Amino acid sequence: MTQAISRGYVPGPHGQLHYRQAGPQGAVAGRPLVLFHQNPSSSFEFEVLMAELARDRRVLAFDTPGYGMSDGPSEPLSMAGYAGILADALPAVGIDSALGCDVYGFHTGALIAVEVALARPDLVRAVALTGLPMRSPEERAERLAAARNPTPLDEAGETAMGLARRLWDFVVVNRSKGVTLARAAENWIDKLRTLDRITWAYVGVWSFNFEARMPLLKQPVLLLQPHEEILRQSIAAVALCPDHRVVEMPEWSRDIFDIPEAVTRIGEELRRFLDQSH
């Protein structure tokens with residue numbers, strides 16, 4: 001029987017780090033799985049997937065520093081900077097070298113998962129990823145410049161209201177069939193809370209050197225990839241890893257953690273890969 005998702009905090013260099021966790025009652029088989037979310041969401045986006053995976057293993061999901069309910073730095077960090085903070089927090093939630101863990105990251109969280117695996121190869125045994133935004137050098141430079149120059153909040157509320165409208169259209173209006181209005185609205189609130197810090201993690205994303213970092217991964221790597229806009233880029237990026245495999249999910253393009261059939265498929269593929277990597 002799966003326990004309900006619980007929440008906790010551990011100390012971090014900029015304040016407290018928030019996490020969600022769940023697992024089966026009694027003995028836990030296998031290594032824990034640590035999840036890293038996309039920007040500008042939080043670990044909230046993984047709650048349905050956590051309930052699925054926690055039937056047979058302990059699952060944890062951190063809020064990236066500055067997102068969700070985690071305290072953040074006073075300026076944007078690199079992907080290695082975010083990952084270093086989260087990797088340092090793993091012993092505080094009971095993960096050590098003897099136990100080890102597996103990691104799974106989505107979009108921004110995929111890059112954090114890569115950097116956590118590189119920073120702590122003694123802890124991380126296997127790496128699963130979805131959505132690797134490897135753009136051309138020109139696109140990266142353009143997006144990086146925009147991320148470094150966000151529109152500040154204003155007294156009239158133009159920035160906040162404009163952001164709210166754009167996010168509502170993207171998250172709620174254009175949601176996939178099968179995602180309820182209530183769930184989409186909760187995702188909208190989760191993303192909106194970052195306000196004018198929404199681009200901070202993207203500074204790290206668009207500064208990330210795929211060509212230099214991905215080949216350094218020694219762990220087995222799974223790319224579990226829906227047919228989203230960055231399908232081609234994701235496959236090209238994971239091909240840089242020495243030990244990798246690709247599983248495509250052509251049935252879905254977005255909202256994969258809110259569609260029951262997609263969550264079931266993700267759970268199956270992650271279990272198959274992680275159990276084989278033991």
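These figures come from a predicted structure and were not determined experimentally. By convention here, the first residue in the shown sequence is residue 1.
- Looking at Asn39, its side chain never comes within 3.5 Å of a backbone N or O of Ala201 through a donor-acceptor pair.
- Taking each heavy atom of Cys241 and Leu217 in turn, the nearest pair found is SG-CD1, 3.9 Å.
- A distance of 5.5 Å separates CZ of Arg7 from NE2 of His18, quoted to the nearest 0.5 Å.
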Q. Given Gln21 and Val93, is the side-chain contact (heavy atoms from CB on, under 4.5 Å) satisfied, shown in steps?
A. CA-CA 10 Å; Gln21 67 173 340; Val93 294; 5.8 Å; no

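- Counting only residues at least two apart or in different chains, side chain to side chain donor-acceptor pair (under 3.5 Å) contacts with residues 200-211 comprise Arg140-Glu211.
- At least one side-chain heavy atom of Leu33 sits less than 4.5 Å from a side-chain heavy atom of Leu274.
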(Q) Show, in sequence, the C-alpha distance, side-chain angles and deciding distance for Leu181 and Val172, and conclude whether the side-chain contact (heavy atoms from CB on, under 4.5 Å) test is met. (A) CA-CA 7 Å; Leu181 174 60; Val172 181; 3.6 Å; yes

Q: Walk me through it: do Arg175 and Asp169 pass the test salt bridge (Lys or Arg N to Asp or Glu O under 4.0 Å)?
A: CA-CA 9 Å; Arg175 70 187 186 277; Asp169 289 344; over 6 Å; no

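- For the ring pair (Phe, Tyr, Trp, His ring centres under 6.0 Å) test, residues two or more places apart in sequence or in another chain that qualify with Phe208 are Phe210.
- Under the salt bridge (Lys or Arg N to Asp or Glu O under 4.0 Å) criterion, the residue pairs touching residues 118-134 are Arg120-Asp122, with sequence neighbours excluded.
- Hydrophobic cluster of Tyr9: the remaining members, joined at side-chain heavy-atom separations below 4.5 Å, are Met69, listed by chain and number.
- For residues 36-48, the pairs satisfying salt bridge (Lys or Arg N to Asp or Glu O under 4.0 Å) are Arg20-Glu47, with sequence neighbours left out.
- One hydrophobic cluster, built from ILVMFWY side chains closer than 4.5 Å, cannot hold both Leu224 and Leu111; they sit in different ones.
- Without hydrogens or angle criteria, Thr130 side chain to Gln225 main chain gives no donor-acceptor distance under 3.5 Å.
- Residues Leu99 and Val103 do not share a hydrophobic cluster, defined by chaining ILVMFWY side chains whose heavy atoms lie under 4.5 Å apart.
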Q: Start with the C-alpha gap between Thr64 and His37, add the side-chain angles, then the distance that decides, and say whether side-chain contact (heavy atoms from CB on, under 4.5 Å) holds.
A: CA-CA 8 Å; Thr64 300; His37 62 82; 3.2 Å; yes

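- The two atoms that bring Pro32 and Gly100 nearest to each other are CD-O, 3.4 Å, heavy atoms only.
- At most 12 heavy atoms of other shown residues, nucleotides or ligands fall within 6.0 angstrom of atom CZ in Arg148.
- Proximity of Met249 to His227: side-chain heavy atoms (C-beta onward) are nowhere separated by under 4.5 Å.
- Note on residues 103-114: no pairs pass salt bridge (Lys or Arg N to Asp or Glu O under 4.0 Å), not counting sequence neighbours.
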Q: List the steps, then state whether side-chain contact (heavy atoms from CB on, under 4.5 Å) holds for Ile230 with Leu132.
A: CA-CA 7 Å; Ile230 56 171; Leu132 294 166; 5.8 Å; no

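- Once rounded to the nearest 0.5 Å, the distance linking CG of Asp96 with CG of Leu90 reads 10.5 Å.
- For the ring pair (Phe, Tyr, Trp, His ring centres under 6.0 Å) test, residues two or more places apart in sequence or in another chain that qualify with Tyr19 are Phe62.
- Contact check for Ile256 versus Val263: no side-chain heavy atoms found under the 4.5 Å cut-off.
- Side-chain heavy atoms closer than 4.5 Å link hydrophobic residues (I, L, V, M, F, W, Y) into clusters, and following such links, possibly through other members, connects Val205 to Val114.
- Side-chain contact between Ser97 and Leu123 is present, with at least one heavy-atom pair separated by less than 4.5 Å.
- For Arg272 and Glu269, the salt-bridge test passes: some basic side-chain N is under 4.0 Å from an acidic carboxylate O.
- In the hydrophobic cluster analysis, where Ile, Leu, Val, Met, Phe, Trp and Tyr join through side-chain heavy atoms closer than 4.5 angstrom, Val203 is grouped apart from Leu195.
- Looking at Arg271 and Glu52, a side-chain N of the basic residue comes within less than 4.0 Å of a carboxylate O on the acidic one, giving a salt bridge.
- What you find for Ala92 and Val10 is that their closest heavy atoms are CB-CG1, 3.8 Å.
- Within the structure, side chain to side chain donor-acceptor pair (under 3.5 Å) pairs that include any residue of residues 177-195 comprise Ser41-Lys191, Ser42-Asp190, Arg183-Asp258, Asn187-Asp258 (at least two apart or interchain).
- Listed for the Gln219 side chain is a donor-acceptor partner under 3.5 Å among the backbone atoms of Val124.
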N/O donor to acceptor pairs below 3.5 angstrom from side-chain atoms of residues 156-164, sequence neighbours left out:
{"residue": "Thr159", "atom": "OG1", "partner": "Pro152", "partner atom": "O", "Å": "2.8"}
{"residue": "Thr159", "atom": "OG1", "partner": "Asp154", "partner atom": "OD1", "Å": "3.0"}

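- Remark: Ser136 pairs with Glu138, Glu139 by the side chain to side chain contact (heavy atoms under 4.5 Å, CB included) rule, at least two apart or across chains.
- Contact check for Asp102 versus Val34: no side-chain heavy atoms found under the 4.5 Å cut-off.
- Note that CD1 of Ile266 and CG of Leu53 are 9.0 Å apart. Values are rounded to the nearest 0.5 Å.
- Considering only heavy atoms from C-beta on, Ser43 stays 4.5 Å or farther from Leu35 through its side chain.
- At a threshold of 4.5 Å between non-hydrogen side-chain atoms, the residues Leu223 and Arg245 do not count as touching.
- Under a hydrophobic-cluster definition in which Ile, Leu, Val, Met, Phe, Trp and Tyr are linked whenever side-chain heavy atoms come within less than 4.5 Å, directly or via other members, Phe170 and Phe44 are assigned to different clusters.
- A distance of 9.5 Å separates CG of Leu222 from CD of Gln276, quoted to the nearest 0.5 Å.
- One distance of note links CG of Leu86 with CG of Leu60; it measures 11.5 Å at 0.5 Å rounding.
- Contact record, Met214 with Val238: CE-CA, 4.4 Å, taken as the closest heavy-atom pair.
- Pairs engaging residues 220-233 under the salt bridge (Lys or Arg N to Asp or Glu O under 4.0 Å) rule: Arg135-Glu229 [sequence neighbours left out].
- In terms of heavy atoms, Gly131 sits closest to Ala110 at O-CB, 3.9 Å.
- Residues passing the side chain to side chain contact (heavy atoms under 4.5 Å, CB included) test with Ser176 are Val179, Arg254, Asp255, Ile259, sequence neighbours excluded.
- Between atom CZ of residue Phe36 and atom CG of residue Asp63 there is a gap of 11.5 Å, rounded to the nearest 0.5 Å.
- Residues Ser70 and Pro65 come closest through the heavy atom pair CB-CA, 4.0 Å.
- If you look at Phe46 and Phe257, their ring centroids are closer than 6.0 Å.
- Annotation: side chain of Ile85 is in contact with side chain of His14 (closest heavy-atom distance under 4.5 Å).
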